[in-house]
Amino acid sequence: ISAPAPLGKTHVPDLEWKVHDFSALLETKATSAISALFHCSGYNWCLLLTPKHKQDDKENLYVALSLMISKGDLEQGQTMHAVFELSIFNNSNGMYCGYKASYNFAFNNAQSKKECLIPLQELLKSSAFLVDDSCVFGVEILKIDVSSPEKKAVVVQKKATTVQNLFVQKKGFIKGTYTWTINNFLELDSQNFVRSPTFEVGGHKWYIGMYPHGERRSTDCLALGLYLESLDELFIESRKVVQITLSILDQKTGKYFTRTTADLLVCTHREGWGWFNFLPLKELQGMSRGYLIESKCVLKADFTIFGSSNDG
């Protein structure tokens, strides 16, 4: 794979995503970074950047992009076939370069396969794609066909490009941790979303959210996520970019079962980040484990703020 081919001046992305401090992103342990949501044709999407993608068994690394649809936007049994272009901006000729791709998005399959744009070493040596340690990525959604019981058709409506900036710090990361002890787990309403008390990290209020008896995407699993309390004016200007670990304590062994996001995530209050299938309810309630003793359950959130994101 060499440098991506020009898509032509007619390529106007729906999202233009400028990643600042690209070298700092490479230094983090995160495998990918995910943009904030952008809206197109009635759906919410985000772009996932993998700066060190391995395409094959060889050691060559590629900068790759994939498209994600918001997990809440598709219903069970619904499939969406989307055609889109993933691109990187070439500053030397003022054109986006990349590839056309297509994917069948489904209820439990919300991320397209990764498309390699350019070898990492080629990007790092380039004065066209990498300028002042920053590069610009884009996605344009060309066609959407929705297959569902209602057979809804979606028309792709062109509108102004959404512009986002991602800033990754090289040092001075803010770390937060919070432990939530629940003493009445068995009494929690099976239908309801339950949330912890709020706690403050990095000047903003957060909480752990939970569906204790499963939610619609995985009714047989504990669902767990980290959420922001609300958006204030300061936060709108600069959303936090975080990496999250959520844990549940085995009270018999004193050890935690943990899950960590592989990605750097842009946090907004509307959609928390976590796992709808965090832990099977059979394991949670199993007598051999100590996750639930009588009605007591201990959850923990650990996260690191690596930077910020704002709209351009």
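Every value quoted in this text rests on a predicted model; they were computed, and no experiment measured them.
Checked by atom type, the side-chain pair Thr260/Thr245 shows a donor-acceptor distance below 3.5 Å. Between the side chains of Ser134 and Asp132, no donor-acceptor pair of N or O atoms lies under 3.5 Å. Side-chain contact of Thr179 with Lys300: a donor-acceptor pair under 3.5 Å is absent, judged by distance alone. In summary, the side chains of Ser23 and Asp133 do present a donor paired with an acceptor at a separation below 3.5 Å, with no hydrogens or angles considered. If you check the side chains of Ser295 and Asn184, you find no donor sitting under 3.5 Å from an acceptor. With no hydrogens or angles considered, a side-chain donor-acceptor pair links His11 and Ser87 at under 3.5 Å. Under 3.5 Å, the side chains of Glu16 and Tyr96 contain a donor-acceptor pair of N or O atoms.
The shortest side-chain heavy-atom distance between Asp250 and Phe257 does not fall under the 4.5 Å cut-off.
Taking the ring centre of Phe84 as origin, the terminal cationic atom of Lys100 falls outside the region bounded by 6.0 Å and 45° from the ring axis.
When ring centroids are compared, Phe167 and His20 come within the 6.0 Å threshold. The ring of Phe105 has its center closer than 6.0 angstrom to the ring center of Tyr103. Checked against the 6.0 Å centroid criterion, the rings of Trp206 and Phe303 qualify as a close aromatic pair.
Remark: the backbone N or O of Ile141 is paired with a side-chain donor or acceptor of Asp14 at under 3.5 angstrom. A donor-acceptor pair under 3.5 Å links the side-chain atoms of Ser112 to the main chain of Leu67, judged by distance alone. In this structure, the side chain of Asp311 does not engage the main chain of Gln164 through any donor-acceptor pair within 3.5 Å.
In this structure, Arg195 pairs ionically with Glu229, as a charged nitrogen and a carboxylate oxygen lie closer than 4.0 Å.
The aromatic rings of Tyr207 and Tyr227 lie parallel to each other, with less than 30° between the two planes, well short of the 60° mark.
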